[in-house]
Number of protein chains: 2
Amino acid sequence: MYRLTNSFPYLLNRVGVQMGELFSRRIAGYGVTLPMYRVMAALWEAGDQRLGDLAAMTTIEISTLSRLVGEMKRRGLVTRARLKDNGRTVAINLTPKGRSLVEELIPIAIRFEEVAVRDFPPKNISDLKTILAEIYESLKSLEPEIEEANKARKAAKSKA
Amino acid sequence: MYRLTNSFPYLLNRVGVQMGELFSRRIAGYGVTLPMYRVMAALWEAGDQRLGDLAAMTTIEISTLSRLVGEMKRRGLVTRARLKDNGRTVAINLTPKGRSLVEELIPIAIRFEEVAVRDFPPKNISDLKTILAEIYESLKSLEPEIEEANKARKAAKSKA
DNA sequence: GAACAATAATTGCATTTGCAAATATAGGTC
DNA sequence: GACCTATATTTGCAAATGCAATTATTGTTC
């Protein structure tokens with residue numbers, strides 16, 4: 001018998017939402033939101049990102065991210081500039097201010113993660129991380145059947 | 001060296017967002033959103049929920065959920081009624097229409113989960129689920145230090 | 001090199017979200 | 001049983017979100 005509360009997406013989402021919520025509250029005093037932190041931490045790891053890449057990296061929808069980066073630029077946390085050699089794209093980077101801020105926040109993120117995983121052997125956690133990364137990749141294989149299902153429905157509708 | 005992309009919340013969030021996005025698209029043809037599915041699946045598992053309990057179960061913020069349930073009632077998917085014996089609370093349930101709809105959608109959710117986990121031995125997946133459930137519980141222990149950190153900041157500020 | 005297609009980012013607009021305040025009801029307390 | 005407090009839900013309002021359309025630039029074809 002299926003139970004939502006034992007399903008993988010449910011368990012996943014619940015932890016994700018909750019950790020996000022707690023972390024948001026923890027960093028609110030620094031004047032940044034969770035999505036802002038994610039952007040800064042992504043840039044800290046790999047700077048000079050284009051908007052689209054940053055969107056893929058952070059799983060933030062691109063138009064949302066465009067505006068978010070705009071706000072962060074206004075606040076002096078990041079730079080954004082069209083490239084000389086390819087004016088379609090834009091390069092986003094941390095400012096020194098953004099860098100020093102994210103370097104204050106990262107230890108808090110590390111602390112949160114430690115608390116989350118402390119009851120489990122490191123091996124389990126690293127396995128878990130590997131599984132999560134691989135599942136992410138394997139989700140791509142669902143794309144075709146989504147299209148197909150929707151196409152089928154559409155066809156049925158236009159016939160009706 | 002810390003890397004966002006190897007952090008637990010990052011890997012978690014990414015899979016959660018992506019699965020949600022794909023599932024949303026898959027069920028869009030049925031005229032329901034992902035949050036609506038979650039509410040229906042929660043009620044299918046355990047009906048006659050109060051709003052607050054349903055919020056806790058689904059990790060949907062309570063005011064958002066209040067409106068969502070209102071919309072779902074308008075669409076004939078759920079019932080909502082103040083209790084006779086305790087008029088503060090409301091009882092939310094699936095209608096027959098909501099029930100038959102969610103029973104169409106659950107197999108799709110099962111299918112998605114199967115695809116997600118098919119590359120791993122069941123033992124690993126059940127371990128993973130256990131870990132996720134336990135992590136969720138252990139997050140509660142972060143609450144006090146969030147309060148404390150914010151209190152400390154506040155005190156420092158008022159002194160300045 | 002003009003016209004068209006493809007890629008990248010931004011913006012308009014309607015919807016969704018979440019905090020805080022308001023409302024509704026129940027449970028003490030004197 | 002009036003008054004205060006606690007609990008549960010809803011609503012006002014401002015901010016965030018995401019789709020679709022638009023803008024900007026590059027690449028391709030003739």
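Just so it is clear, the structure is predicted and the values come from calculations on it, not from any experiment. Chain A is the first sequence line, chain B the second, and so forth, proteins listed ahead of strands; every chain is numbered from 1.
Looking at heavy atoms from C-beta onward, A/Phe112 lies in side-chain contact with B/Leu142 at the 4.5 angstrom threshold. Looking at B/Met19 and B/Val15, their side chains come closer than 4.5 Å, going by heavy atoms from C-beta outward.
Nearest-nucleotide assignment on DNA chain D puts the 5′-proximal partner with A/Leu68, out of A/Leu68 and A/Lys84. Residues A/Gly87 and B/Thr64 each lie close to DNA chain D; by heavy-atom proximity, the contact nearer the 5' end of the strand is made by B/Thr64.
Of the candidates C/dC13, C/dT7, C/dA9, the closest approach to any side-chain atom of A/Arg67 belongs to C/dC13. Minimum atom distance to the side chain of B/Arg82 is reached by D/dT9, of the listed C/dC19, D/dT9, D/dT26. Among the nucleotides C/dT11, C/dA8, C/dA26, the one closest to any side-chain atom of B/Asn86 is C/dA26. For A/Arg88, counting side-chain heavy atoms from C-beta on, the closest listed nucleotide (C/dT10, D/dT26, D/dT9) is D/dT26. When the nucleotides D/dT9, C/dT10, C/dA6 are ranked by their closest atom to the side chain of A/Ser66, C/dT10 comes out on top.
When B/Arg67, B/Lys73, B/Arg75 are each tested for a side chain to side chain donor-acceptor pair (under 3.5 Å) with B/Glu71, only one passes: B/Arg75.
Between B/Asp85 atom CG and C/dA26 atom P the separation is 9 Å, expressed in whole Å. If you measure from atom CD1 of B/Ile60 to atom P of D/dT9, you get 14 Å, rounded to the nearest angstrom. One atom, CD of B/Gln18, and another, P of D/dG18, lie 13 Å apart when rounded to the nearest Å. Atom CD in A/Glu61 sits roughly 10 Å away from atom P in D/dT17 (whole-Å rounding). Residue A/Ile62 contributes atom CD1, which lies 17 Å from atom C1' of D/dA16 at whole-angstrom precision. Remark: C1' of D/dA8 and CD of B/Gln49 are 15 Å apart, rounded to the nearest angstrom. The nearest whole Å value for the distance from the CG atom in A/Leu34 to the C1' atom in C/dG18 is 15 Å. Between B/Glu71 atom CD and D/dT10 atom P there is a gap of 14 Å when expressed in whole angstrom units.
Residues A/Glu104 and A/Ile108 come closest through the heavy atom pair O-CG1, 4.0 Å.
A 6.0 Å sphere centred on NZ of A/Lys140 holds more than 12 heavy atoms belonging to other residues, nucleotides or ligands.
At the heavy-atom level, A/Ser63 lies under 4.0 Å from base atoms of the strands shown.
Residue B/Arg80 has a polar side-chain atom (N or O) positioned under 4.0 Å from OP1 or OP2 of D/dT10.
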